[in-house]
Amino acid sequence: MVTNDLNGKPFQLKFVRAAQMQLFANAICDPPLGSTTVVPYGETVKFTILLESSRSFPEQPWEAILWHNGHENHEWRELRLEETQTTTGPLVVGSKNRAVVYRRFFSIDLPTPSNLHDSVQFTLKYRIASSHGWKWVNDNSSFTDGELYYQPEKPPTELTSYLKDLSPDFSVQSVPSESPDAQVWSITTAVKAAEGETSGWTETSLGVPRSFTRWFALVRIWSPWLAPRHGKGNFQPQEDAILCSFLRWDGLHLVLLAVSGIDDVLTIFKHDGHGNVIASSRNDSPMDGQTRIVAAVAPNFESANAAVMYHARKLVRGDEYMSNEIKAEMKTAIENDVKAEWMDNWYDGLTYCTWNALGQDLNENKIYNALDILKQNNIKITNLIIDDNWQSLDSHGEHQFNRGWTDFEANKEGFPHGLKHTIKNIREDHPNIQHIAVWHAIAGYWGGVSPDGSIAKKYKTVAVRKERSLIPAETVTMVDADDIDRMYNDFYKFLLSCGVDSVKTDAQFALDLLADAPDRRRFIKAYQDAWTINGLRYFSIKAISCMSQIPQILFHTQLPINKPRIMVRNSDDFFPGIPSSHPWHIFVNGHNSLLTSHLNILPDWDMFQTSHPYSSFHAAGRCVSGGPIYFTDEPGQHNLDLIAQMTARTIQGKTIILRPSVIGKAVGIYIGYEEERLLKVGTFTGGVGGTGILALFNVSERSLSELVNINAFPGVGSGEEYVVRTHTTGEVTHPMKLSSETPVISLEVEVKGYEILSAYPLHVFPIPEPSIPDPSATKVAVLGLLGKMTGAAAVVRSETRLEDNGRLRIEVALKALGMLGIYVSTLHQKVVEDDVLVMISEKVVPMRTVKIAEQAPVLEVDVETAWDEMGLEAGWSNEVRVLVLV
């Protein structure tokens, strides 16, 4: 079995050798076979190989050889690997199927080739001493040789060095880059004007990306949603793309971004079947428009990706995409109505949604019952979303896409006393619920508004023609663009009067389904601006945008930073009854965040159920996403242990999620879904000296084994030393750094499985001399709350210092209660009763709430139990302050 990453990350090849002795061996190599590794200019490639052999037979010596063609004329030669004598090997994360084996490490530095313009291929062979024949790793796997791409010292500066046969119709301008080491170009061309009801269309060839080996793209899988596509060879995604990236043979990354929403022009990327990237633009304006594309080249994808997004924001900011009147209204709403103190509850509170939980036949009694059962299980939600089917609609009994919205008030069948009565009862019976949101579509309902309802009588409406889509009707009645601001103002004022203080606005892609150019240019921006301004005016930041990944909304509404960020659904739905959808759901969200992390939003990975075959898998994804956590359990079907891993109790008695400070996104972006590799999602929490978090998901249909290098963690510095802790087993590595002999973790992840690894920077005391490290020095790291998937995010701040008397003083401020973990390398030489003192709010905690972990030098302080037993109260602070003296 082979699993590997790109960009210098390690892989593991696992095979069963049916030899006479019936031994099995794992050959683990960093850099990987079967894939490409980018070598930054001037760096030497260090190969590390781990050989594992069964303990069913006596231990025997092994030999390993690296074959490579990094010589003149690409001549193949061998390098014999030297066994590394190390007392501290990598952490091997436990698994019920994991064999007990012998482990040996081998390493060697590969000389830099004289010609850096050529890639270097390599492979491995090994044997049991000289008594057995050599075994080539390639012979026991379907993978090819590994490849090394050496980056140039000075990349070419002309766009034509990266794109072949760029159409002369394009105007190309080099523009300043706001991203390190990136070159950026603005590419434009004219788009013909709309004629009458027909939009103008222009297609222009960007040519063929030069010298690339793999590509990645975010495409429109259908109107409302984006998803990743991967490939080798010609660029030929089946769907329209808005972002493309190409990994070149010289290790550089070319990123192309199609910018939409300016001057009523939508632009996407197609292909012609021959490798050419085609820019296709639609212009809804009666005047000629412009195709706008941003290109960037950088030594790594994230620098190039950030560069195109930063420049796109400049283009949007420079466009008069809002009238002066709209700008003034938004400015007033932000200054007068947005209240920053509401953010924590809305962003970080645990949220319950009625959609999958209670079904489409919704009524107030079902909601009351579900909330009562949550209360009985001591599940304290902060936010409630009343999803689809609370509204008053026409055409009873028909498909939802054929039904129209009739009135602001809730339907009388399910809510006989009105929406205000329902909300009042919920708030009285469940005071822990801070915010209540209701669902509605951007145009009212899936089928717009009813032409015979009270809304149509009060506001100007028009029947608009739609393009073919999921929604079957050829025309739909909508509130006219001239009256949509008044309608939203009245509607949200009504909701607020009922006690509703937030909304989930769905089906926003309906704006892109309008068929006629005059409707598109009048409705798309008018609806978005009216929704945004009134949402700010009445609900502050408490709005969720859903099915809104259409290019015009991405760039017009979600990219600008002139307003507070809101939550935006990051992918298609959670489908509980479709097993194949669950690994794909996490894969899509991790890759979509490569784009959405640069928008002025908080990506929402959608609701999920805590009692489900993939519940832990989904929970881990939400925890590392950097976004909200919603669950939609059927009443009584709750996994309390899993909820406890996602949440923590504050000293005010609220339940919060532990959200990392950086948006989680895929690592190793060119690895396709079908390649049977672990999906890696990286995030980071804290400021300088914070914690890098790496979640690994098995999205394949069989168990996968890999090595994970410390350089895969976001925020890891080359000169720092770290310990890494696993969430599922609680194991902790020895201190490691990038220059360590074996800076890796070996793990196996089963089907439907995941692991979350957190890399904590170490503070060393006394501070060592740079050239004379002290082997007896004490190394300290604050781990955060143990037992939580992202427990490091509970740490607000921490400070460790060595006092004059030789005592370590560790001060930690936490945003929630739980089991605090602190790594102290010399802890196993200590006794809690004699050598450790712990205080909370300047009071000594009960001794039984402090212990040293058995499997690692980690001090465990049960802050939650101590807080309760000591009868402490929150006072004015939102934090719990812990002092540890060692």
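Below, each value reflects all heavy atoms present in this structure, side chains not excepted, and no hydrogens, waters or symmetry copies.
We find that Glu799 and Arg801 are joined by a salt bridge, their nearest charged nitrogen and carboxylate oxygen being less than 4.0 Å apart. With respect to Arg677 and Glu706, no salt bridge is recorded, no charged nitrogen being found less than 4.0 Å from a carboxylate O.
Side-chain contact check for Leu859 versus Ile852: some heavy-atom pair is nearer than 4.5 Å. Proximity of Thr826 to Pro857: side-chain heavy atoms (C-beta onward) are nowhere separated by under 4.5 Å. Under the 4.5 Å side-chain criterion, counting only non-hydrogen atoms from C-beta, Ile657 is not in contact with Cys623. Annotation: side chain of Leu738 is in contact with side chain of Val716 (closest heavy-atom distance under 4.5 Å). Residues Leu707 and Asn709 form no side-chain contact, since every pair of their non-hydrogen atoms from C-beta on lies 4.5 Å or further apart. Thr733 places none of its side-chain heavy atoms less than 4.5 Å from the side chain of Ile710. Side-chain contact between Phe713 and Val667 is absent, with no heavy atoms from C-beta onward closer than 4.5 Å. Annotation: side chain of Met870 is in contact with side chain of Pro846 (closest heavy-atom distance under 4.5 Å).
Distance check, rounded to the nearest 0.5 Å: CG of Asp868 to CG of Asp862 gives 9.0 Å. The CD1 atom of Ile65 sits 9.0 Å away from atom CG of Leu79, with the distance rounded to the nearest 0.5 Å. One finds the CZ atom of Arg725 at 13.0 Å from the OH atom of Tyr823 (value rounded to the nearest 0.5 Å). To the nearest 0.5 Å, the span separating CD1 on Ile651 from CD on Glu873 amounts to 10.5 Å. Rounded to the nearest 0.5 angstrom, Thr44 OG1 and Leu110 CG are separated by 8.5 Å. Going from atom CZ of Phe765 over to atom OG1 of Thr800 covers 5.5 Å, rounded to the nearest 0.5 Å.
Heavy atoms only, all atoms of each residue included: Gly730 and Gln855 are closest at O-NE2, 3.0 Å. Taking both residues in full, the closest heavy atoms of Val845 and Thr849 are given as CG2-OG1, 3.5 Å, listed atom of the first, atom of the second, then distance. Considering every non-hydrogen atom in both Ile671 and His591, the closest pair reads O-NE2, 4.3 Å. Considering every non-hydrogen atom in both Thr655 and Thr382, the closest pair reads O-OG1, 3.3 Å. The two residues Leu602 and Gly627 have their closest heavy-atom pair at CG-CA, 4.0 Å. Of all the heavy atoms in Ala853 and His828, the pair that sits closest is O-NE2, 3.4 Å.
Arg622 places no side-chain N or O within donor-acceptor distance of the main-chain N or O of Tyr630, the cut-off being under 3.5 Å. No side-chain donor-acceptor contact under 3.5 Å links Thr728 to the backbone of Glu755. Ser615 places a side-chain N or O within 3.5 Å of a backbone atom of Thr610 that can act as its donor or acceptor partner. Looking only at distances, no side-chain donor or acceptor of Ser825 sits under 3.5 Å from a matching main-chain atom of Thr778. Glu811 contributes no side-chain N or O that, together with a main-chain N or O of Arg881, makes up a donor-acceptor pair within less than 3.5 Å. With hydrogens and angles ignored, the 3.5 Å screen pairs a side-chain donor or acceptor of Tyr722 with a backbone N or O of Gly717. At least one donor-acceptor pair under 3.5 Å links the side chain of Gln652 to the backbone N or O of Ser877.
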Distance-only donor-acceptor hits, side chain of residues 781-794, under 3.5 Å, sequence neighbours excluded:
from   : atom 1 : to     : atom 2 : distance (Å)
Lys788 : NZ     : Ala644 : O      : 2.8
Lys788 : NZ     : Thr647 : O      : 2.9
Thr790 : OG1    : Leu658 : O      : 2.6

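Atom NZ of Lys851 has 12 or fewer heavy atoms from other residues, nucleotides or ligands within 6.0 Å. The local environment of NZ in Lys380 is sparse, with at most 12 non-hydrogen atoms from other residues, nucleotides or ligands closer than 6.0 Å. In the displayed structure, Asp804 atom CG is contacted under 6.0 Å by at most 12 heavy atoms of other residues, nucleotides or ligands.
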Criterion side chain to side chain contact (heavy atoms under 4.5 Å, CB included) on Leu91 and Val724, from CA distance to verdict:
CA-CA 9 Å; Leu91 174 64; Val724 177; 5.8 Å; no

I'd like to know whether Phe106 forms a side chain to side chain contact (heavy atoms under 4.5 Å, CB included) with Leu66, so could you lay out the CA-CA distance, the side-chain angles of the two residues, the decisive distance to 0.1 Å, and finally the verdict.
CA-CA 10 Å; Phe106 300 82; Leu66 174 74; over 6 Å; no

Verdict with supporting geometry, Glu63 and Arg80, salt bridge (charged side-chain N to carboxylate O under 4.0 Å, His left out):
CA-CA 8 Å; Glu63 298 177 71; Arg80 186 172 294 273; 2.7 Å; yes

With side chain to side chain contact (heavy atoms under 4.5 Å, CB included) as the criterion, how do Ile379 and Leu640 come out once you've worked through the C-alpha distance, each side chain's angles and the decisive distance to 0.1 Å?
CA-CA 8 Å; Ile379 301 173; Leu640 300 182; 3.6 Å; yes

Give the intermediate values and the outcome of side chain to side chain contact (heavy atoms under 4.5 Å, CB included) for residues Ile586 and His618.
CA-CA 7 Å; Ile586 301 298; His618 278 288; 4.0 Å; yes

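Under 3.5 Å, the side chains of Glu750 and Asn698 contain no donor-acceptor pair of N or O atoms.
Judged as a side chain to side chain contact (heavy atoms under 4.5 Å, CB included), and not counting sequence neighbours, the contacts of Asn300 are Glu302, Ser303.
Figure legend: Lys752 and Tyr614 shown as a cation-pi pair, the cationic atom lying under 6.0 angstrom from the six-membered ring centre and within 45 degrees of its axis.
Here salt bridge (charged side-chain N to carboxylate O under 4.0 Å, His left out) pairs that include residues 819-843, with residues two or more places apart or in two chains, number zero.
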